[in-house]
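The chains referred to below are lettered A, B, ... by the order of the sequence lines, with proteins before strands, and numbering in each begins at 1.
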Amino acid sequence: MYRHLERRLVEHLREFLRRTYDLETANIVVEQPPKIEFGEYALPVAFELARSLRKAPRKIAEEIVAGVGEISGFEKFEVAGAGYINVRLSRAEFATAVAADQSPAADVRPGKVLVEHSSINPNKAAHIGHLRNAILGDTFVRLLRFAGREVDVQNYIDNTGAQVADVVVGFLHIERKSRAQIEALAAAPRFDYVCWDLYARVAHWYEEDKANLQARAATLHSIEEGNNETAAIADLISVAVLKRHLETMDRLDIEYDFLPRESEILHLHFWDAAFTKLKEAGVLTYENDGKNSGCWVMRRAGTAKHAKTNAEDAEVNAENAEIKEEDQKVIVRSNGTVGYVGKDIAYHMWKFGLLGRDFGYRKFYRYPNAHDCWISTTDGEKDHPHFGEVAEIYNVIDARQSEPQNTVIEALRGLGHGEAADRYTHFSYEMVALTPRCAAELGYTLSDEDKARSWIEVSGRKGFGVKADDLLDALIASARKEVDARHPELSEVERAGIATQVAIGALRFFMLKFTKPSVIAFDFNDALSFEGETGPYVQYAVVRASNIFRKGGYDPESFCRDAADRISTEDFAKYLTGESGNDIWELWLAAAKTSYIVGQCIATTEPAYLAKHGFQLAQLFNTFYHRYPILSEANVGRKKFLLVTAAVVRRELIRVLGAMGITAPPVM
RNA sequence: GGGCCCGUAGCUCAAACGGAUAGAGCAUCGGAUUUCUAAUCCGGCGGUUGCAGGUUCGAUUCCUGCCGGGCCUACCA
């Protein structure tokens, strides 16, 4: 609604400027006034026009206000300050529409969207870094679906790499376990924890004696070759750990549709198909000398020179024809094997339906809600959903991977698929690290240098980090203590359920409230907080709103649905003016912004705006709740109005939380 | 060396295409009429937005340089 009116305002104004000044204004900026009393929209357009019209901004603003005329839904235009135009909505009309949940159909872009996130190596337990990835990715999926897009969720599994081989080495060479023993371990709970520790030990074992690295090379070779005991063990380990990851993420309501695996990219020869096309298009060049002699290389992303003038064009092109050694990315090694960037290029050609090959598919994991997650195989089931061949992709991968991601994009461009390259988004975010204090709490001894840092990077290789399940367990235990103290009358099951909801709310909100480029320095104190700018704060606002209706014996949904029957436009207008009206109007306006915010989040790939919005809405509601007792309100008309207000805000808070993958408990 | 990111209150973070008095939370100090109310609310304290220039009517935001920190820059995946 808010967004729709903004668009209407801009269109009208553009038309007015065209008519009056014969000006084409490409971009009319709309802002929000610093205070609610000033109106709902602020237009700084007069400042911009001052130069071309050779008039004072204030004068232009006055002319616009005088001449702009009536726009449906808007009440008035005013000049403010040195030339701002503040615009006021018709509050009653707006509130009626918001209560009824009228939102004019937004134009949804066609085509399926593929979001890939998590992509955890299946050789050890998931840690907090993976949680940030999965929560960002899953929230983005929810945002896209909220906006009406069709979305496939993928989780890429690198099951043939050195990390998996290392755990195999650990079991066979250090632990000296048989296949049957490993199978038994894999079937036990939290097998991923066993691998977490073993993986760190293997890294240490390599360091003790470099000769031990031969075991890795041999294991890696056997895995790639396939059809042998070692490969079978690697497969059983990676599948078991993968299942654990799915269980961990399911605790957070994170589900996947498809799990493409590197092993199938290898066995189904995706690379061969891609290699041919890349050579034909001249994306790859063969090096005859230098350090990369015998390799197929491509230009590293961002190293091409760009001409600043036409005169430079020829010169720059000549320079770009030859790729300097330091700008070369080896795609195919001199021994003929392909590196991971090459496989990634082939994989992304598949995503856009440009490869001419497909995976086999098999059902792999059924969620408690009966949703099936599929996995890649060489030969699959006949009936399967259609994956790949999508219109847009978003890869949720941390910022460290931006160079290879850009290289893949450049390869697509080089293949002549510029439009695909443009619809490829590296959803980049910074890592989760630990504060020195947190690291110390975990029992790690720190150097003086580390102690002075503001954060320390986690390392799976060293077994240094906070495991996702451990954090969740700690959050649930902490929430449980609060619930037990507040609601001793509830059953064991009820209290456990509430504690889980609160824990998930706290965790998901925590990971979303930071903007993507900010490194999260993880600390248990911050993450375990349930007060202030947290998920539970927002959940609690919903619980409070629900309490009003439960204790009053009303149905909140019906108060939204039938708002217009219960309250006349005149009453809306009456209660939304004056000092207290302004307070409450601010709440209504914030509640109406949800879909506007969702649009912002998608356009900027920044879910943090949603967390911020949820918190602000909850904050406004809490103030309202405190200031205006509802059930004891003597004036019947005003009481109805306050109930509608609470019902609408409750509805929007539930929506915002839902888009973040958070549910509100019945009581807190 | 090159590329990308970050630097805002004691701490952790916001500030939508450049906009009106730079905002929250935490911490700290002081308060909240027995109500749908404490996982909450109100108030106090707290800022030369790393530094220096430039562009602009206007800069935390854009540009240049410097200072400080991080990440990436393998024929490993």
| query | So what's B:G1 paired with, Watson-Crick or G-U wobble, going by both distances under 3.5 Å? | reply | B:U73
| request: Before giving the answer on side-chain contact (heavy atoms from CB on, under 4.5 Å), spell out for A:Leu657 and A:Thr663 the whole-Å C-alpha distance, their side-chain angles and the decisive distance to 0.1 Å. | output: CA-CA 6 Å; A:Leu657 286 174; A:Thr663 54; over 6 Å; no
| field | Side-chain donor or acceptor of A:Gln539 paired with backbone N/O of A:Gln501 under 3.5 Å | value | yes
| field | Gap between atoms CG and C1', on A:Asn86 and B:A20 respectively (whole Å) | value | 9 Å
| task | With heavy atoms under 4.0 Å as the rule, sort A:Gln616 into base, sugar-phosphate or nothing. | result | nothing
| message | Quick check: do A:Met431 and A:Arg400 have side-chain heavy atoms less than 4.5 Å from each other? | response | yes
| request: Using a heavy-atom cut-off of under 4.0 Å over every strand shown, decide if A:Tyr628 touches base, sugar-phosphate, or nothing. | output: base
| field | side-chain N/O A:Arg627 vs B:C41 OP1/OP2, d < 4.0 Å | value | no
| said: Does A:Ala541 reach a base, just sugar-phosphate, or nothing at all? Heavy atoms under 4.0 Å. | reply: nothing
| task | Looking only at side-chain atoms of A:Glu457, point me to the closest of B:A39, B:C71, B:A16. | result | B:C71
| Reckon A:Val330 touches a base, only the sugar-phosphate, or nothing at all at heavy-atom distances under 4.0 Å? | sugar-phosphate
| said: Can you tell me which nucleotide in B:A39, B:C75, B:A16 comes closest to the side chain of A:Val502? | reply: B:A39
| field | Closest nucleotide among B:C57, B:A16, B:A39 to the A:Tyr540 side chain | value | B:A39
| said: With a 3.5 Å limit on both atom pairs, tell me what B:G68 is paired to, counting Watson-Crick and G-U wobble, or say none. | reply: B:C6
| message | If you compare every side-chain N and O of A:Gln619 against the phosphate oxygens of B:G25 (OP1, OP2), does one of them come in below 4.0 Å? | response | yes
| request: Using atom OH of A:Tyr199 as one end and atom P of B:A77 as the other, report the distance to the nearest whole Å. | output: 13 Å
| task | Report yes if a donor N or O on one partner sits less than 3.5 Å from an acceptor N or O on the other, where the partners are the side chain of A:Lys35 and the base of B:U21; otherwise report no. | result | yes
| Out of B:A39, B:A16, B:A24, whichever nucleotide has its closest atom nearest the side chain of A:Phe615 | B:A24
| query | Counting only side-chain N and O atoms of A:Lys612, is one of them less than 4.0 Å from OP1 or OP2 of B:G23? | reply | no
| Is there a donor-acceptor pair under 3.5 Å between the side chain of A:Ser238 and the backbone N or O of A:Asp235? | yes
| said: Ring centroids only, cut at 6.0 angstrom: are A:Tyr347 and A:Tyr340 within range, meaning strictly under it? | reply: no
| Across all strands shown, which nucleotide pairs with B:U35 by Watson-Crick or G-U wobble geometry, both distances under 3.5 Å? | none
| field | Nucleotide nearest A:Cys295 when distance is taken to its side chain, options B:C17, B:C75, B:C71 | value | B:C75
| task | Give A:Ser293 one of three labels, base, sugar-phosphate or nothing, depending on what nucleic acid heavy atoms sit under 4.0 Å from its own. | result | base
| task | For A:Tyr537 and for A:Ser529, find the nucleotide of RNA chain B with the closest heavy atom, then tell me which residue's nucleotide is more 5'. | result | A:Ser529
| note | Of the candidates B:U37, B:C71, B:C13, the side chain of A:Ser518 sits closest to B:C13
| request: Remember a base hit wins even if backbone is also touched, and classify A:Glu31 as base, sugar-phosphate or nothing at under 4.0 Å, heavy atoms. | output: base
| query | Does OP1 or OP2 of B:C42 have a side-chain N or O of A:Thr623 closer than 4.0 Å? | reply | yes
| Value in whole Å for how far the P atom of B:U40 lies from CD of A:Gln539 | 12 Å
| Sugar-phosphate only, base, or nothing, as touched by A:Gln401 at under 4.0 Å among non-hydrogen atoms | nothing
| field | Rounded distance in Å between the C1' positions of B:C63 and B:G23 | value | 27 Å
| How is A:Asp158 classified with respect to the nucleic acid when contacts are heavy atoms under 4.0 Å: base, sugar-phosphate, or nothing? | sugar-phosphate
| task | Would you kindly check whether a donor in the side chain of A:Ser334 faces an acceptor in the base of B:C75, or vice versa, at under 3.5 angstrom? | result | yes
| task | Rounded to the nearest angstrom, tell me the gap between atom CZ in A:Arg486 and atom C1' in B:A38. | result | 8 Å
| field | For B:C17, glycosidic torsion class - syn if within 90° of 0, otherwise anti | value | syn
| field | Side chain of A:Val483 - closest among B:A39, B:C41, B:U73 | value | B:A39
| message | Applying a 4.0 Å non-hydrogen cut-off, can you work out what A:Val30 is touching in the nucleic acid: base, sugar-phosphate, or nothing? | response | base
| task | For A:Phe530, answer base if it contacts any base atom (sugar-phosphate contacts may also be present), sugar-phosphate if it contacts only those atoms, and nothing otherwise; contact means non-hydrogen atoms under 4.0 Å. | result | base
| request: State, without any angle test, whether A:Arg550 and A:Asn547 hold a side-chain donor-acceptor pair at a distance under 3.5 Å. | output: yes
| Mind checking who B:C17 pairs with, Watson-Crick or G-U wobble, both distances under 3.5 Å? | none
| said: Between B:U73 and B:A39, how many Å separate the two P atoms, rounded to a whole number? | reply: 48 Å
| message | Rounded to whole Å, please give me the gap between CD in A:Gln328 and C1' in B:C75. | response | 11 Å
| said: When you measure from the side chain of A:Lys124 to the backbone of A:Tyr199, do you find a donor-acceptor pair of N or O atoms at a distance under 3.5 Å? | reply: no
| How would you label the contact of A:Arg550 with the nucleic acid (heavy atoms, under 4.0 Å): base, sugar-phosphate, or nothing? | nothing
| So, does A:Ser529 use its side chain to make a donor-acceptor pair with the main chain of A:Asn525 at under 3.5 Å? | no
| Mapping A:Lys343 and A:Phe38 onto RNA chain B by nearest heavy atom, which one lands closer to the 5' end? | A:Phe38
| query | Between A:Tyr625 (OH) and B:C41 (C1'), how many Å, whole number? | reply | 11 Å
| message | If the cut-off is 4.0 Å, is A:Asn335 near the phosphate of B:C75, judged by side-chain N/O to OP1 or OP2? | response | no
| request: Classify the side chain of A:Tyr340 and the base of B:A77 as holding, or not holding, a donor-acceptor pair under 3.5 Å. | output: yes
| task | Send over the distance from A:Lys329 NZ to B:A77 C1', rounded to a whole Å. | result | 10 Å
| query | Between the side chain of A:Asn133 and the main-chain N/O of A:Val396, is any donor-acceptor distance below 3.5 Å? | reply | yes
| said: Could you tell me how far apart A:Arg544 (CZ) and B:U40 (P) are, to the nearest whole angstrom? | reply: 8 Å
| task | Measure from the side chain of A:Tyr596, starting at C-beta and using heavy atoms only, and say which of B:A16, B:A20, B:U73 lies closest. | result | B:A16
